[in-house]
Structures are given as C-alpha cells and as structure tokens.
Amino acid sequence: LEIRAMYIAMRRAVARVRRDADALRAEAFTNPISGLPNYSAMMRELSTVLQKGDFDYPAALYCLDIDYFDRACETFGSAVGDVLLIKTLARIKAELERLESEGDVNTHGAILAQPWADSIYLILPNIGGRAQASEVARALRSALVSPVEACGYEITLGLSGGIVMIPEDGQTTGDLIRRGETALRTVRQAGKKGFEFYAPRLDRVAKGRAQLEADIREAIDGDEFQPFFQPKLDLHSGRSK
C-alpha cells in the first residue's frame, strides 16, 4: 500500500513539474497581452521558413503597423489600446482564414507574431509570389476599413506594412527583419498608408537620408550654416508684411 501511495505521489509530482515547465515555456515564447509568439519564437519560425526558402515558390514576411494606434492610445489610454490590438489581430486572423477557405491565395501555415509591444509580424510560408502577397496586403487593409469598437468607443484604424519575399530579399533572418522595417519606414516617411515591397533602392535612399542627417549635424556643430532673411514688402506702401 505504501509503495502504491509513493507511486501516485511521484506521478503527481512529475505532472506538476511538467505543467510548470509548459507554463514557463509558454511565458518565455509568447507575448503576455496577445498570446502571440514573441521575438524569440518569431525568429525561430522565420529561421525555419528561410531554411526551406524556394526562389520559385517564395514565402513572405510582413512588417505591420496599425495606423493611428499611437494616437488612439494617447487619447483613450493603454487599456483601450490593448483591446484595439486584440481586436485588430482577430480581424487579421479572420481575413487570413477567409482567404485560405476561398482558395485563391495560399495562407496555410500563416504565423502571426508580436515581437515588441507595438509591432506585428506576419509570416506566410506558402504564399508563392508577389501577386499573391499583394492580394493578402489588400485584404488586410480592407479588414480594418470599418471602425473598431473598444470600451464603448468606435475608433477608426488602418493597417500599413513592409513586405519582403523569402529568400529573394535576404539570406539571414536579420536582413529580412531589417528590410521589412525599411519598407515600412518608407511608407511612413512619405506620409502614406499602405504596403510597400522591399527593393534595394530603399536601402540606398535610407543610407542617403542618414548621411544627409549626419552632414547637417556636423555642419551645425561647425557653425557652417549662414542664414539669410528676405523681407516681404507691400509694393504699394513699402511696408514689411
């Protein structure tokens, strides 16, 4: 009888240890708000997709940004922001499921991740080409056309992003992430909303902008700017405006 009791106690202890280990593993690899894969988990998934990369049938990585999200958080508070994030993710998932069920675009195996608080990444390992990637981008944009309800507020959002094709646009996970962010930043710096595919010219533009900013800072430090002022005059009265 004592041996049986010891056996049962041991099984319960092992089960408890396994539950605790599973909980720690989930905590280590998921975002606490959304439950999505975090940075570590996303990079692991992205590495797997990259290793299987096929130039004839590429995968795609989307670096996503929610339009007006920061403004909504500043206006209504972080609690509303959390609800907006969760509902936005739900719409994205629903749209991906719709595309898969209709069969026009292969979104099977889609991986949504939230590596940082305000960033969302989408990996489509079976997208197959740029035309299909563009169709997904249009569908995701349309998913947020109608306002999102959060804590009694109707809030208009949107979705923008940078797209990189795998393995065409990068041979390392770091390159893919950086180039996706470059494409997204190009959209934002142009004051636009929507999606942009990465292209090598975007790196040249980004490097040129960074060099220009460095040159301006150096010129300011060296007192190299010489301001000129042109007064505006009224031609009838001769007075300055």
Side-chain angles (χ1 to χ4, degrees), residues 22-50 59-100 107-127 133 136-137 139-144 148-151 155-166 169-170 172-185 187-188 193-196 198:
D22 289 341
L24 287 172
R25 190 177 299 110
E27 184 176 342
F29 292 104
T30 58
N31 184 284
I33 296 175
S34 64
L36 293 178
N38 62 12
Y39 179 80
S40 298
M42 181 192 75
M43 294 302 282
R44 185 175 56 188
E45 296 284 0
L46 185 58
S47 179
T48 300
V49 171
L50 182 58
L61 170 68
Y62 296 73
C63 175
L64 302 175
D65 190 37
I66 304 174
D67 302 337
Y68 311 118
F69 182 74
D70 289 344
R71 186 180 69 182
C73 291
E74 291 171 1
T75 303
F76 302 106
S78 59
V80 172
D82 290 346
V83 175
L84 288 175
L85 175 64
I86 292 170
K87 290 196 172 184
T88 296
L89 292 170
R91 290 196 185 186
I92 291 174
K93 291 176 183 177
E95 196 63 22
L96 293 172
E97 291 171 359
R98 182 190 68 79
L99 289 170
E100 184 176 355
T107 60
H108 178 71
I111 302 163
L112 266 177
Q114 188 186 2
W116 301 286
D118 58 349
S119 62
I120 305 168
Y121 280 77
L122 169 64
I123 304 171
L124 295 179
N126 303 295
I127 193 62
V136 170
L140 295 181
R141 286 278 294 170
S142 67
L144 285 174
V148 178
E149 192 279 330
C151 304
I155 301 172
T156 300
L157 300 172
L159 202 63
S160 296
I163 310 172
V164 292
M165 304 304 294
I166 307 170
D169 291 330
T172 69
T173 54
D175 283 345
L176 293 172
I177 295 293
R178 180 178 60 80
R179 289 167 180 171
E181 291 175 346
T182 296
L184 172 60
R185 191 161 52 249
V187 175
R188 291 307 192 206
K193 299 173 184 63
F195 284 76
E196 177 89 30
Y198 168 79

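Numbers for residues simply follow the sequence, beginning at 1.
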Exercise. How far apart are the C-alpha atoms of Leu36 and Lys93, what are their side-chain angles, what is the distance that settles it, and do they pass the side chain to side chain contact (heavy atoms under 4.5 Å, CB included) test?
Worked result: CA-CA 12 Å; Leu36 293 178; Lys93 291 176 183 177; 4.0 Å; yes
Are [X] and [Y] close enough that some pair of their side-chain heavy atoms sits under 4.5 Å apart?
{"X": "Val49", "Y": "Leu61", "answer": "no"}
{"X": "Met43", "Y": "Ile177", "answer": "yes"}
{"X": "Asn38", "Y": "Thr30", "answer": "no"}
{"X": "Leu50", "Y": "Leu46", "answer": "no"}
{"X": "Pro37", "Y": "Arg44", "answer": "no"}
{"X": "Phe195", "Y": "Leu64", "answer": "yes"}
{"X": "Ile120", "Y": "Leu85", "answer": "yes"}
{"X": "Thr88", "Y": "Phe69", "answer": "no"}

For [X] against [Y], the heavy-atom pair lying closest together:
{"X": "Asp175", "Y": "Gly170", "answer": "CB-CA, 4.3 Å"}
{"X": "Val187", "Y": "Glu196", "answer": "CG2-CB, 3.4 Å"}
{"X": "Ile86", "Y": "Ile33", "answer": "CD1-O, 4.1 Å"}
{"X": "Ala110", "Y": "Leu122", "answer": "CB-CD1, 4.2 Å"}
{"X": "Ala72", "Y": "Ile155", "answer": "CB-CG2, 4.1 Å"}
{"X": "Val164", "Y": "Gly180", "answer": "CG1-N, 3.4 Å"}

For this session: Kindly indicate, with the supporting measurements, whether the criterion side chain to side chain contact (heavy atoms under 4.5 Å, CB included) is fulfilled by Leu112 and Ile92.
Result: CA-CA 9 Å; Leu112 266 177; Ile92 291 174; 3.9 Å; yes
Side-chain atoms of residues 74-83: list all donor-acceptor pairs with protein atoms under 3.5 Å, sequence neighbours left out, distances to 0.1 Å.
residue : atom : partner : partner atom : Å
Thr75   : OG1  : Arg71   : O            : 2.8

For [X] and [Y], indicate whether the former's side chain and the latter's backbone hold a donor-acceptor pair under 3.5 Å.
{"X": "Tyr62", "Y": "Ala133", "value": "yes"}
{"X": "Arg179", "Y": "Asp169", "value": "yes"}
{"X": "Arg141", "Y": "Leu159", "value": "yes"}

For this session: Decide side chain to side chain contact (heavy atoms under 4.5 Å, CB included) for Ile163 and Val136; before the verdict, give the C-alpha distance in whole Å, the side-chain angles of both, and the deciding distance to 0.1 Å.
Result: CA-CA 11 Å; Ile163 310 172; Val136 170; over 6 Å; no
For this session: Answer with yes or no whether the side chains of Asp67 and Ser160 bring together a donor and an acceptor at under 3.5 Å.
Result: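 Result is yes, a qualifying pair exists.
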Problem set entry | Ionic contact status for Arg178 with Glu181, cut-off 4.0 Å |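 Here Glu181 does not pair with Arg178 in a salt bridge, since their nearest N and O are not under 4.0 Å apart.
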Distance from [X] atom [atom1] to [Y] atom [atom2], nearest 0.5 Å?
{"X": "Glu95", "Y": "Leu140", "atom1": "CD", "atom2": "CG", "answer": "6.5 Å"}
{"X": "Cys63", "Y": "Leu176", "atom1": "SG", "atom2": "CG", "answer": "11.5 Å"}
{"X": "Ser34", "Y": "Leu89", "atom1": "OG", "atom2": "CG", "answer": "6.0 Å"}

For this session: Dump the intermediate steps for side chain to side chain contact (heavy atoms under 4.5 Å, CB included) on Arg188 and Arg185, then the final yes or no.
Result: CA-CA 5 Å; Arg188 291 307 192 206; Arg185 191 161 52 249; 5.5 Å; no
